[in-house]
Amino acid sequence: LVDSMESHYAAYLVACADQGLTFDKKRFYSLGGVPASDIFALLGREQSIAVDVSRAMAAKASAMQADGYAQLHPIECVLTLFRAAASASIPLAVASGGERAD
């Protein structure tokens, strides 16, 4: 119900800077749907940098907590559709990204 991509990208930039990685926006969008831990490992391999994936994940999570979630705003047309469907008792599903606790 919100577009969180810009907030996630900003959090990635914080984590990448901490690891000495670069990550441009075009590449970020091309990796949509790939788990963050895999992205950090991939960037490290591509840039020949030993990445501490756990530390990068923690830095990204911290950046989202510090500022990212505050930048989220609802997508009004999606909320309107959601409310209309809910009031008509039409079943709905919401998909969301997240990290697995493998």
Side-chain angles (χ1 to χ4, degrees):
L1 307 181
V2 299
D3 181 355
S4 61
M5 294 299 281
E6 288 297 320
S7 294
H8 282 284
Y9 180 62
Y12 268 107
L13 291 180
V14 169
C16 284
D18 180 59
Q19 297 286 320
L21 297 168
T22 59
F23 195 25
D24 67 56
K25 193 175 277 191
K26 183 177 179 181
R27 182 75 166 130
F28 166 72
Y29 278 103
S30 77
L31 292 170
V34 176
S37 56
D38 293 348
I39 291 173
F40 287 121
L42 175 66
L43 294 174
R45 285 192 305 274
E46 290 175 348
Q47 297 174 39
S48 300
I49 295 173
V51 174
D52 181 337
V53 173
S54 295
R55 186 170 125 189
M57 293 291 291
K60 181 181 178 290
S62 179
M64 282 298 291
Q65 288 291 330
D67 190 46
Y69 294 120
Q71 303 302 317
L72 299 180
H73 303 286
I75 302 170
E76 291 302 327
C77 62
V78 174
L79 286 177
T80 299
L81 179 63
F82 185 87
R83 289 179 183 127
S87 69
S89 299
I90 297 171
L92 300 170
V94 176
S96 177
E99 290 299 316
R100 294 184 196 152
D102 305 330

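Side chains are part of it too, since the values below use all heavy atoms of this structure and drop only hydrogens, waters and symmetry mates.
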F23 and Y9 aromatic ring geometry - parallel, tilted or perpendicular at 30°/60° bounds:
tilted

Test item: [X] and [Y] side chains (from C-beta on) under 4.5 Å apart, heavy atoms:
X	Y	result
S4	L72	yes
L42	R27	yes
M5	K25	no

Give the minimum heavy-atom separation between [X] and [Y], together with the two atoms involved.
X	Y	value
G20	Q47	O-OE1, 4.3 Å
V51	G44	CG2-CA, 3.5 Å
C16	L43	SG-CD1, 4.0 Å

Would a single hydrophobic cluster contain both [Y] and [X], if residues Ile, Leu, Val, Met, Phe, Trp and Tyr are joined by side-chain heavy-atom contacts under 4.5 Å?
X	Y	answer
V2	M64	yes
L79	I90	no
L21	F28	yes

Are the side chain of S87 and the backbone N or O of R83 linked by a donor-acceptor pair below 3.5 Å?
yes

Applying side chain to side chain donor-acceptor pair (under 3.5 Å), can you list everything that pairs with D3, at least two apart in sequence or on another chain?
none

Any pair with a residue in residues 37-95 that passes ring-ring contact (aromatic ring centres under 6.0 Å, His included), sequence neighbours left out, goes on the list, sorted by first then second residue, please.
Y12-F40

Would you mind listing every salt bridge (charged side-chain N to carboxylate O under 4.0 Å, His left out) that reaches into residues 14-24, with sequence neighbours excluded?
D18-R55

Measuring from M57:CE to D52:CG, what's the distance to the nearest 0.5 Å?
11.5 Å

